[in-house]
Amino acid sequence: MCAASDNHRPGLAWSVLRTKCPRCRRGDMFTYRNPYDLKRVMKMPETCPVCGQPFEIEVGFYYGTGFVSYALAVAVSVASFIAWKVTLGMSLQDNRLFWWLGVNAILLLVLQPVLMRLSRVIWIYFFVYYDPEWREAPAGVPERTNEELKNDW
Ligand SMILES: [Zn+2]
């Protein structure tokens, strides 16, 4: 058996930020680490390389990430607005509001690969929970999948 420290439960937020599998919080959800490798940014293994959790648990599963992606974009915009207001100030008498709009649009564009990945990770975390027995118990086999429709989103 492994050392006791290996049985710890990795933190939720930290696991999401590091795009780890929701079930074991150890395996990587994306094949390539760098989100700015744009051709392969969304490439995922079919199952978790550590615990075998399937990553596409039903047909079109990742369509739902649109909601998460939208929420993340709003959160980034609110944060940048507050940061802008505190540091540079905001006024309707000059163009500062429009500068913020432009800078925020560029910021969202640059962050897009990271936000897309985070959206998928957050989305699957809603449906698959951490399993302390992940080492012993096999991962559930999803029933609502269709080989022909895999990766169809
Ligand atoms: Zn896993």
Side-chain angles (χ1 to χ4, degrees), residues 1-84 86-87 100-153:
M1 204 54 208
C2 307
S5 64
D6 208 23
N7 278 327
H8 80 291
R9 176 185 183 135
L12 176 67
W14 186 231
S15 304
V16 168
L17 287 175
R18 291 168 68 223
T19 66
K20 295 295 183 188
C21 159
R23 183 164 174 267
C24 65
R25 295 187 184 171
R26 283 164 173 82
D28 286 313
M29 276 185 63
F30 293 92
T31 312
Y32 303 96
R33 285 238 150 157
N34 180 6
Y36 289 93
D37 183 350
L38 296 181
K39 280 193 179 147
R40 308 188 289 189
V41 57
M42 298 321 275
K43 182 111 184 68
M44 302 167 79
E46 253 178 50
T47 57
C48 169
V50 174
C51 74
Q53 167 67 38
F55 286 150
E56 188 177 2
I57 55 183
E58 63 179 47
V59 172
F61 177 65
Y62 289 107
Y63 275 123
T65 55
F67 303 111
V68 183
S69 176
Y70 180 74
L72 286 179
V74 170
V76 168
S77 303
V78 168
S80 87
F81 183 84
I82 292 171
W84 192 281
V86 169
T87 55
W100 168 75
L101 277 175
V103 169
N104 189 57
I106 293 168
L107 181 70
L108 286 177
L109 205 63
V110 170
L111 285 178
Q112 202 48 222
V114 175
L115 296 182
M116 279 160 67
R117 278 194 172 188
L118 278 181
S119 304
R120 281 203 182 178
V121 177
I122 293 170
W123 187 247
I124 199 171
Y125 270 69
F126 280 126
F127 301 95
V128 180
Y129 306 118
Y130 181 74
D131 179 2
E133 308 287 299
W134 65 268
R135 241 180 262 275
E136 290 79 29
V141 178
E143 288 158 19
R144 292 189 289 169
T145 54
N146 181 332
E147 275 304 317
E148 286 171 26
L149 295 176
K150 272 239 167 93
N151 293 309
D152 182 28
W153 54 65

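Remember, it's a predicted structure, so these values are computed and weren't measured experimentally. Both ligands and their constituent atoms are indexed starting at 1 by order of listing.
- In terms of the side chain to side chain contact (heavy atoms under 4.5 Å, CB included) criterion, residue partners of Val110 (sequence neighbours excluded) are, by chain and number, Tyr36, Ile106.
- Between Pro22 and Val128, the closest heavy-atom pair is CB-O, 3.4 Å.
- A salt bridge (Lys or Arg N to Asp or Glu O under 4.0 Å) with Asp131 holds for exactly one of Arg25, Arg23, Arg26, Arg9; it is Arg23.
- Listing protein N, O or S atoms at distances below 2.8 Å from the Zn ion (ligand 1), with waters left out, gives Cys21 SG, Cys24 SG, Cys48 SG, Cys51 SG.
- A donor-acceptor contact shorter than 3.5 Å is absent between the side chain of Ser69 and the backbone of Thr65.
- Judged by distance alone, with hydrogens and angles left aside, the side-chain atoms of Thr31 form a donor-acceptor pair with the main-chain N or O of Lys43 at under 3.5 Å.
- Using bins of under 30°, 30° to 60° and over 60° for the plane-to-plane angle, the ring pair Phe61/Phe127 lands in the perpendicular bin.
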